Student: 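Below you will find the structure I want to go over with you.
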Amino acid sequence: MLDPQLIRNSLDQIQLALTKRAYTLDVDSLQALDTRRKKIQVQTQALQSERNRRSKQIGKAKAAGEDIHALLDDVESLGDKLKACESELQTVQLELHDILSGIPNTPHETVPAGQTEDDNVEVRRWGEPVQFDFVPKDHVDLGEALGMLDFATATTIASSRFVVMQGAVARLHRALIQFMLDTHTQEHGYTEVNVPYLVNKDSLFGTGQLPKFAEEQFYIDKQALYLIPTAEVPVTNIARDKIIDANVMPLKFVCHTPCFRSEAGSYGKDTRGMIRQHQFEKVEMVQLVKPENSYQVLEQLTGHAEAILQKLNLPYRVVTLCGGDLGFSSAKTYDLEVWLPGQHKYREISSCSNFESFQARRLQARWRNPDTGKPELVHTLNGSGLAVGRTLIAVIENYQDKDGKIHIPAVLQRYMGGMDVIS
RNA sequence: GGAGAGGUGGCUGAGCGGUUGAAAGCACUGGUCUUGAAAACCAGCGUGCCUUUACGGGCACCGAGGGUUCGAAUCCCUCCCUCUCCGCCA
């Protein structure tokens, strides 16, 4: 949610910023609604004030043993008027809140203009795609040939967009998780957390998945809980309705969870293999920081995700998302794209974002600024470090040999009981 | 799932229809005292919103949402959560 203060006072500026993400803000109706809100609020509060004043008088008169009938008659006429005003105020405030909570974050000034992912700007590349002296296979062919990836069985168990992993590939998947968690906790200073995989509405609202993206979520009607689409939701919500002590900041959490996405609206997309699944695992980094640091932290956090790819020796590039490709809550996002020989393409494997105070305002996640003594909104950031399923794909495809064996990256061998090749 | 108890400010905890945004204590901040510190004493100390050039004034908030009343932290209803005991269970 954007700062209502800014919306009132600098609406044109916000509108201009939002054009970068091709979002058109209906300035006129928003302004008209807020003017109405203001008028009704002033009126309501005046009536409430009057009622309070007279009720106090009645209290005093009664205590003094005076006759209160005249006073009661006097206050009677207030009631209906006040009720009407209060309910109208509530209606208008709800309407305003609905509109406000549907407006995306304003992009940071360094975010490039553009409509689609084709307009994203490459920042840097790391590593050289391997030149194979044979035609490289994709992870589906490799995994099925090894008997360790089984999409058909998963479909009979659940539906499409699931997978069954077996043997050394299942273990490699687990090894990746361990390796990522160890790296972030031991080398990057994150605290490991374990969180609920089911969350309530308020949590999803807080991070911005609701109300706009309800279709993307798996929902359990009976208990009114949602399966998490990313650890970002439960982990960031650790700070909901809290005032964080300045001297424990920044809060840095790393968390491994499964993620569940309905993938509504992406029917034809990435139907082959493990790229786009209803269920996948991810290691997520989340930071809650002082506002003045957040862009510096975004660079660091992106570096932490890159470190995993570098240790795995997987070639990748970093792109800055353009305004049109930016997520709803994000002010600036770097995507990390790993080289997949099977697709002969760079594909997204991590997304690192600064949400500034956008999520914090929805969450009421604050810290006490020692300079002002007042609670102020924190800035929230997160980044995948990394998407485990896609990392598994990248390892399988980049480390294949002409016999269809998968060589295990050196940093993972200790998690594989010393195994160095899967065959 | 059954029975009971309870949810009040950063924390502990009083209030159970009127002048209570809320006693008291702790914590915190400023001051006095002290070479310094501690102790003691004095003062201050919730959040959001509206209004005002400013000083200030006003409204709302005692788990959430409704209701009764001139007036609700206090009474009634619904829901959520926590704790204790019993049952069931990884």
Side-chain angles (χ1 to χ4, degrees), chain A residues 1-9 30-101 194-206 210 220-226 234 237-249 251 258 288 357-358 360-378:
Chain A
M1 200 130 68
L2 297 170
D3 184 355
Q5 225 50 269
L6 270 180
I7 292 199
R8 262 167 238 152
N9 303 328
L30 194 58
Q31 230 151 23
L33 193 61
D34 192 58
T35 306
R36 209 171 123 220
R37 186 223 91 229
K38 195 178 269 192
K39 194 178 140 229
I40 300 163
Q41 184 166 348
V42 170
Q43 198 181 347
T44 306
Q45 291 188 354
L47 285 168
Q48 286 171 327
S49 174
E50 184 65 14
R51 180 207 55 199
N52 291 347
R53 200 177 61 79
R54 295 196 191 186
S55 292
K56 262 180 197 174
Q57 264 178 13
I58 292 173
K60 276 183 193 166
K62 216 175 169 185
E66 292 166 21
D67 181 41
I68 57 168
H69 282 93
L71 289 167
L72 282 178
D73 290 345
D74 204 30
V75 82
E76 210 186 311
S77 58
L78 271 178
D80 291 345
K81 238 202 288 185
L82 180 58
K83 265 203 179 115
C85 275
E86 279 176 337
S87 91
E88 193 183 352
L89 179 62
Q90 196 184 11
T91 308
V92 172
Q93 277 177 331
L94 270 176
E95 203 179 324
L96 253 180
H97 183 262
D98 283 353
I99 294 173
L100 256 39
S101 53
N194 191 290
V195 294
Y197 302 157
L198 292 165
V199 296
N200 59 34
K201 235 187 184 68
D202 290 343
S203 292
L204 279 165
F205 178 84
L210 287 180
I220 296 168
D221 192 41
K222 199 173 172 218
Q223 283 84 4
L225 292 170
Y226 296 81
N237 270 276
I238 287 174
R240 170 143 58 93
D241 292 323
K242 291 215 174 102
I243 298 173
I244 301 162
D245 211 40
N247 56 39
V248 303
M249 292 177 79
L251 289 178
L288 302 153
S357 61
F358 188 88
R361 187 168 295 104
R362 292 170 162 248
L363 294 160
Q364 284 303 299
R366 297 177 293 176
W367 66 298
R368 198 171 291 277
N369 185 344
D371 295 337
T372 62
K374 294 281 175 198
E376 295 173 13
L377 296 168
V378 301

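Remember, predicted model here, so these are calculated numbers, not experimental data. Chain letters run A, B, ... following the sequence lines, proteins first, then strands; residues in each count from 1.
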Student: What nucleotide, of U51(B), C70(B), U19(B), holds the atom closest to the side chain of K56(A)?
Tutor: U19(B)
Student: To the side chain of Q5(A), which of A60(B), U47(B), C50(B) is closest?
Tutor: C50(B)
Student: Taking 4.0 angstrom as the limit, do K83(A) and E86(A) come out as a salt bridge?
Tutor: no
Student: If you check the Q48(A) side chain, which of C70(B), C59(B), U19(B) turns out closest?
Tutor: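 Closest of the options to the side chain of Q48(A): C59(B).
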Student: Taking CG from D241(A) and P from G9(B), how many angstroms apart are they, rounded to a whole number?
Tutor: 13 Å
Student: With nearest nucleotide decided by heavy atoms, which residue, V42(A) or R368(A), maps closer to the 5′ end of RNA chain B?
Tutor: R368(A)
Student: Between R54(A) and U69(B), does any side-chain N or O lie under 4.0 Å from OP1 or OP2?
Tutor: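 For R54(A), the contact criterion (side-chain N or O under 4.0 Å from OP1 or OP2 of U69(B)) is not met.
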Student: Taking the side chain of R366(A) as its heavy atoms from C-beta onward, which of C50(B), G18(B), G48(B) lies nearest to it?
Tutor: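 Among the listed nucleotides, the one closest to the side chain of R366(A) is G48(B).
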Student: Checking contacts here: which listed nucleotide (U68(B), C50(B), G18(B)) is nearest the side-chain heavy atoms of K62(A)?
Tutor: G18(B)
Student: Under 4.0 Å between a side-chain N/O of R361(A) and OP1 or OP2 of G48(B), yes or no?
Tutor: no
Student: Students often get this wrong, so: under 4.0 angstrom with heavy atoms, is R8(A) touching a base, only sugar-phosphate, or nothing?
Tutor: sugar-phosphate
Student: Remember a base hit wins even if backbone is also touched, and classify P4(A) as base, sugar-phosphate or nothing at under 4.0 Å, heavy atoms.
Tutor: nothing
Student: Below 4.0 angstrom from OP1 or OP2 of G18(B), is there any side-chain N or O of S55(A)?
Tutor: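 It does not, given that no N or O in the side chain of S55(A) lies less than 4.0 Å from OP1 or OP2 of G18(B).
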Student: If you compare every side-chain N and O of N52(A) against the phosphate oxygens of C59(B) (OP1, OP2), does one of them come in below 4.0 Å?
Tutor: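 It does, given that an N or O in the side chain of N52(A) lies less than 4.0 Å from OP1 or OP2 of C59(B).
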Student: Among the nucleotides U68(B), G18(B), U19(B), which one has an atom lying closest to any side-chain atom of K83(A)?
Tutor: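 Closest of the options to the side chain of K83(A): U68(B).
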Student: Using the C1' atom on both, measure U20(B) against G31(B) and round to a whole Å.
Tutor: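 Rounded to whole Å, the distance is 29 Å.
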Student: By the 4.0 Å heavy-atom rule, please label Q90(A) as base, sugar-phosphate, or nothing.
Tutor: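 The answer is sugar-phosphate, as Q90(A) gets under 4.0 Å only of primed atoms, P, OP1 or OP2.
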Student: Would you call D34(A) and R8(A) a salt bridge, taking side-chain N to carboxylate O under 4.0 Å as the test?
Tutor: yes
Student: Out of U19(B), U51(B), G18(B), which has the shortest distance to the side chain of I58(A)?
Tutor: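 Of all the options, the side chain of I58(A) is nearest to G18(B).
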